[in-house]
Amino acid sequence: MTELELLAPARNADIGIAAIDCGADAVYIAGPSFGARQDAGNSIEDIRRLCDYAHKFGVRIFLTLNTILYDSELPEAERLLREAAEAGVDAVIAQDLAVFEILRSAQKDIEAHASTQCAIRTPEQARFYESLGASRIVLERQLSLDQIRAIREAVSCEIEFFVHGALCVCYSGQCYMSEAVAGRSANRGACVQACRSLYDLEDASGKVLVKNKALLSLKDFNLIERLSDLAEAGVCSFKIEGRLKNISYVRNTVRAYSKALDTLVAANPGKYRRASFGRVEGGFTPDLGKTFNRGYTELFLDGRRGKWSSMDAPKSVGEEIGTVTSIRAGITVRLDSPETTLRNGDGFTFTPKGGGEIRGFRGDVCEGNQIICKEVPGLYVGARLRRNLSAAFEKDIEANLPVRRILVSVALRISRAEAAASASTVSLRFAPYPGKCSPAEDLPPAGVEATSYHLTVTAESEDGKTVEFEVDAGSQAATNKERMEAMLKTQIEKASGIYSFTLASLDVQTPDGSLPFMSASALNGIRREAAQRLEQSSCGNRPFASLRVTEESAPVPETIDYKSNISNSIARETLRRLGAKDIEDAFELTHRKGAELMRTKYCVRHELGLCMKGPLYLVNNGKRYRLDFHCAECEMTVSKEY
């Protein structure tokens, strides 16, 4: 049976816990350093806290150590890997070859995953990282289902693929635009997001074809309707982007995709199952249209170009709600749907006349189709208004949280004996009705000798943990057996802590078939005791997919260029050991002139419908970047013009 994993981002431990509560099977998070998002670091203490919570549900925690490393940083990276293993981290997501070598030599109980920063998009690249010891490879996002299938057939390790969130315009890990523009390396976690900047587009003669648009900005990924296709192609981990996103975004996206995966699993019994334990119940209704997005795309999944650009809206767009009809005593909007309700504090966006970067404002008072707020520069009658922040939806997410609980099956065996309770018997004695007299019908009949009832409680959780204990149930028999049976079921089948109990069987072994009379508080105590004992047992964590052990190394080219991002001695020695001879240093070390700064499936000419030959140029603050179009490979490259 194939396990399907929903992998959620976490900027910090609290967001990671929220993701788990909403249905994540795994969480990826940065440690104190070396994560590809510099502003998302966390202490080892917080990582340990997240691991402790996650492992209760069999949820795995992955540490992002996916920047390239310099020689001076290798000792610190090695220390961080050691501390991560001790904190309970299950795997490290890595880009630098040095990390794979350190993990291999240390032989720690921690897996290595090849990051999407490795730009894996061919079977050969996939085999290379598998040969380094990667138990999982995270594929490049600009791939088709056919390409994913080909990679699946070439390797035995797990395959992870992004399904939602922001998209890099170029192949991940091979973007040098930020370093070239601002001296801040994307491969070092300091990307300035040059792809979201505004550019003019010029032809070779200097004629301006497009002015002041975010020509390299892509829409956001959304593959929630394609999970079945991806699973059939061999993907087992479905990854949500967003380690800089807030808790509301993570809760909403995780809940939406978790429900979608549950539907997929339910439709394929015996074929798929979720990779962690626990059922998520209740809470808000997710809506991907109401969370941060630049519009959505499925990118190259079907092997065809589409309209992928968000050049008019490189920031969060929001859902279209209507058209501005008046700007006098407030803003009047002709709403597209009578079901749309505006609320105080809603956030709105619009595109200025003539294009340019979208603008936003907040509605202080919203009533009907009227918005009262401060003056909004650039807003005009006829503007299409979008809502990128729904105050009501945000309030619902915060106030109406789902609950995740592990299912527990309980078997009760009831016997009666004259002997005293054994030493292992749990003392859970309660008066039938504390503070009150027992109803006459529940008192033992006159002349009936009081004997001791014993309950043997066996509780088995869905993750394979089993606890068994005995309870002294006292000597009073219930005169209304049917009522007592109903009460047993009602009180046992409740939740305690992270566990949700079901009474699977009731085995009555008393000579006369009688049941002990037990109060609701006594039965609640039994349930809580079972929960406490289960909590003290280790979760039956499902192992990673078995990795083929091989001494054979994947071949490497003799010449390695700067796009392999080699920045330290361990990485160089690794490649030399595998047969490389001429190894060029990373772009960050050389700033080689004429270097290709980006390579992408995205094509500006196709996006704008420009039928012309020759290069085009992006212009920003007097700097020119050349666009070349490689139609045979269906790729576009960006390089700096010196």
Side-chain angles (χ1 to χ4, degrees), residues 9-11 28-43 47 62-81 84 92-103 112-120 129 138 140-141 162 166-197 216 241-244 560-572 574-575 583-593 595-600 625 638-640:
R11 187 175 64 195
Y28 64 107
I29 187 171
S33 53
F34 307 131
R37 298 289 186 272
Q38 268 188 358
D39 297 329
N42 296 275
S43 68
I47 299 295
F62 305 151
L63 187 78
T64 57
L65 204 161
N66 56 343
T67 62
I68 60 172
L69 303 172
Y70 296 154
D71 280 313
S72 61
E73 297 169 329
L74 293 176
E76 183 183 352
E78 189 167 0
R79 176 186 57 79
L80 177 55
L81 289 169
V92 171
I93 302 173
Q95 173 188 14
D96 200 300
L97 299 184
V99 178
F100 292 94
E101 283 296 295
I102 292 170
L103 287 175
H113 293 178
S115 170
T116 191
Q117 293 294 107
C118 298
I120 299 171
Y129 282 99
V138 189
E140 162 60 42
R141 278 166 270 203
F162 278 92
L167 286 165
C168 293
V169 67
C170 75
Y171 297 137
S172 299
Q174 295 183 349
C175 179
Y176 309 102
M177 193 81 162
S178 179
E179 177 71 19
V181 169
R184 294 179 56 182
S185 168
N187 283 316
R188 301 270 296 160
C191 181
V192 296
Q193 294 197 317
C195 57
R196 308 295 181 191
S197 297
L216 295 177
E241 181 275 339
R243 280 197 297 117
L244 293 180
I560 303 293
D561 69 11
Y562 66 97
K563 287 193 282 186
S564 291
N565 301 321
I566 305 304
S567 58
N568 60 70
S569 57
I570 294 180
R572 291 187 198 95
T574 298
L575 287 174
I583 302 172
E584 184 177 1
D585 282 339
F587 179 82
E588 286 81 357
L589 298 177
T590 64
H591 294 91
R592 187 180 79 168
K593 285 193 175 183
E596 180 182 291
L597 302 180
M598 288 185 179
R599 180 173 287 265
T600 174
Y625 302 91
V638 182
S639 56
K640 186 175 180 180

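Here R196 pairs with nothing under the salt bridge (charged side-chain N to carboxylate O under 4.0 Å, His left out) rule; sequence neighbours left out.
Relative orientation of the Y28 and F162 rings is perpendicular, given thresholds of 30° and 60° on the angle between their planes. Taking the six-membered ring where the residue is Trp, F62 and H113 present perpendicular rings, their angle passing 60° and hence far from 30°.
Side-chain atoms of N565 and D96 form no donor-acceptor pair, as typed in the model, at a separation below 3.5 Å. Looking only at atom types and distance, the side chain of S115 has no donor-acceptor partner in the side chain of Q95 under 3.5 Å away. Judged by distance alone, the side chains of T590 and D585 never bring a donor and an acceptor atom under 3.5 Å apart.
Here the side chains of E596 and Y176 are not in contact, with every heavy-atom distance at 4.5 Å or above. Considering only heavy atoms from C-beta on, S33 comes within 4.5 Å of E76 through its side chain. For the pair I29 and I47, the minimum side-chain heavy-atom distance is below 4.5 Å. Residues I93 and L63 are not in side-chain contact: their nearest non-hydrogen atoms beyond the backbone lie 4.5 Å or more apart. Put simply, the side chain of D71 reaches to within 4.5 Å of the side chain of R572, judged on heavy atoms. Under the 4.5 Å side-chain criterion, counting only non-hydrogen atoms from C-beta, R184 is not in contact with C191.
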Go through E73 and R188 one step at a time and tell me if the salt bridge (Lys or Arg N to Asp or Glu O under 4.0 Å) criterion holds. CA-CA 12 Å; E73 297 169 329; R188 301 270 296 160; 2.7 Å; yes

After noting the C-alpha distance and the side-chain angles of M598 and V169, does the key distance pass the side chain to side chain contact (heavy atoms under 4.5 Å, CB included) rule? CA-CA 8 Å; M598 288 185 179; V169 67; 3.6 Å; yes

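Taking every heavy atom of both residues into account, A98 and I570 meet most closely at CA-CG2, 3.7 Å. Of all heavy-atom pairs spanning C170 and E140, the tightest one is O-OE2, 4.3 Å. Across all non-hydrogen atoms, the minimal contact from G189 to T67 is N-CG2, 4.0 Å. Smallest separation of non-hydrogen atoms from S172 and A119: O-CB, 3.2 Å. When all heavy atoms are compared, the tightest approach of E588 to S185 is OE2-OG, 2.6 Å. In plain terms, the two heavy atoms of R243 and A30 that are nearest each other are NH1-CB, 3.4 Å.
Separating the CZ atom in F587 from the OH atom in Y562 is a distance of 7.5 Å, to the nearest 0.5 Å. Atom SG of C118 and atom CG of N66 lie 8.5 Å apart (nearest 0.5 Å). Rounding to the nearest 0.5 Å gives a distance of 8.0 Å between CG of D561 and CD of Q174. Between the CD1 atom of I102 and the CG atom of L80 there is a distance of 10.0 Å, given to the nearest 0.5 Å. Separating the CD1 atom in I120 from the OH atom in Y171 is a distance of 14.0 Å, to the nearest 0.5 Å. For the atom pair CG of N568 and OH of Y70, the computed distance is 10.5 Å after rounding to the nearest 0.5 Å.
Looking only at distances, a side-chain donor or acceptor of S178 sits under 3.5 Å from a matching main-chain atom of V192. Side-chain atoms of N187 come within 3.5 Å of backbone N or O of G173 as a donor-acceptor pair.
K563 and E584 are not joined by a salt bridge, as no carboxylate oxygen comes within less than 4.0 angstrom of a charged side-chain nitrogen.
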